[in-house]
Every structure is written in structure tokens, then in C-alpha cells.
Amino acid sequence: MPRNRKKVFSELKNIEIVDLAAEGKAVARADNMVVFVTGAIPGDVADLKVLKKKKNFMEAVPVKFHTYSNLRTKPVCSHFGTCGGCTWQQMDYTHQLYYKEK
């Protein structure tokens, strides 16, 4: 029987989020690779836990925020983060429009 081994990926330290991508994911760069981060916005600086590593990109989640972005605001909806409907409510609406048009 084959062994069911889980791959253990590293943590990335002090990574700055630089842009937003589709599906509500933020974009960062580390080790000459693109990192898609769930739950962050441009301007955040955080330690990231890598969940998936492919040839050209990685997927990660923030573990610890060192600096929050100036774009960050309190979400309007009390269900933000649990229902999955809105992905960018932690950012000001004018900046949401900018990144959606981009």
C-alpha cells in the first residue's frame, strides 16, 4: 500500500501584498514566484503559510500580519468571512472598484 504523506511547505516571512487577482485573492511575489494569498489586500505585510506549490506559482494564507494596509476598513456585513459571498469587503469601496476595473 502506498503511504499517504502530506507535503509540508514552508512559511514565507514579511511578504508584502502588491495587487489583487481574480476570485478575491491577493498577489505577492516571493522567491521569484507569484503567490496568491487568500484574505489579504494590497499594502499588507504578513507571514504566509504556503498551502500549494506549483511550478510557476504558490497559494498561501496569512498567518501573522506585521502591517495592515491603509486601504483596510471594517467590513459592513456582519457575515463577512463566513458566508463567502463578498471577498473584498475589508477594503474601501472606491478601491474595490479600482481593482475590479483593473
Side-chain angles (χ1 to χ4, degrees):
M1 271 201 268
R3 290 184 182 175
N4 188 7
R5 293 184 185 178
K6 289 187 176 184
K7 292 184 179 181
V8 177
F9 296 115
S10 63
E11 278 193 11
L12 304 171
K13 302 286 185 182
N14 291 327
I15 304 298
E16 182 178 2
I17 309 301
V18 294
D19 204 356
L20 287 177
E23 300 175 8
K25 294 185 180 181
V27 178
R29 295 200 179 268
D31 300 331
N32 294 325
M33 291 185 73
V34 175
V35 183
F36 294 107
V37 184
T38 304
I41 60 174
D44 286 342
V45 177
D47 294 342
L48 306 176
K49 178 181 176 185
V50 178
L51 301 176
K52 189 185 289 186
K53 189 172 184 179
K54 297 288 185 172
K55 183 179 177 182
N56 297 323
F57 70 92
M58 294 184 274
E59 292 184 13
V61 292
V63 176
K64 176 184 175 186
F65 285 98
H66 295 283
T67 307
Y68 287 110
S69 172
N70 293 334
L71 306 177
R72 190 174 285 275
T73 61
K74 184 180 178 192
V76 178
C77 180
S78 63
H79 301 289
F80 175 71
T82 56
C83 79
C86 304
T87 54
W88 292 349
Q89 272 198 9
Q90 75 270 26
M91 190 170 28
D92 183 54
Y93 186 68
T94 57
H95 292 99
Q96 288 181 35
L97 290 177
Y98 168 76
Y99 284 106
K100 288 177 182 181
E101 287 176 2
K102 190 176 173 185

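Values below: all heavy atoms of this structure, side chains included; hydrogens, waters and symmetry mates excluded.
- Atom NE2 of His66 and atom CD1 of Ile15 lie 9.0 Å apart (nearest 0.5 Å).
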Quiz item: Can you list the steps and then say if Asp47 with Asn14 is a side-chain contact (heavy atoms from CB on, under 4.5 Å)?
Solution: CA-CA 5 Å; Asp47 294 342; Asn14 291 327; 3.9 Å; yes

Would you be so kind as to tabulate the donor-acceptor pairs closer than 3.5 Å made by side chains of residues 22-45, with sequence neighbours excluded?
residue : atom : partner : partner atom : Å
Asp44   : OD1  : Ser69   : N            : 2.7
Asp44   : OD2  : Ile41   : N            : 3.1
Asp44   : OD2  : Arg72   : NH2          : 2.4

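- Atoms CG and NZ, on Leu12 and Lys49 in that order, are 12.5 Å from each other to the nearest 0.5 Å.
- Here Glu11 pairs with Lys13 under the salt bridge (charged side-chain N to carboxylate O under 4.0 Å, His left out) rule; sequence neighbours left out.
- Checked against side chain to side chain donor-acceptor pair (under 3.5 Å), Lys54 has no partners two or more places apart in sequence or in another chain.
- With sequence neighbours excluded, no residue satisfies ring-ring contact (aromatic ring centres under 6.0 Å, His included) with Tyr93.
- Partners of Asp19 by salt bridge (charged side-chain N to carboxylate O under 4.0 Å, His left out), not counting sequence neighbours, listed by chain and number: Lys102.
- Contact of the Leu71 side chain with the Tyr99 side chain is registered, since non-hydrogen atoms from C-beta on lie closer than 4.5 Å.
- In this structure the side chain of Thr73 never reaches within 4.5 angstrom of the side chain of Gln90, judged on heavy atoms.
- In this structure, the separation between NZ on Lys74 and CG on Asp92 is 15.5 Å, given to the nearest 0.5 Å.
- Not counting sequence neighbours, the partners of Tyr68 by the ring-ring contact (aromatic ring centres under 6.0 Å, His included) test are Phe65.
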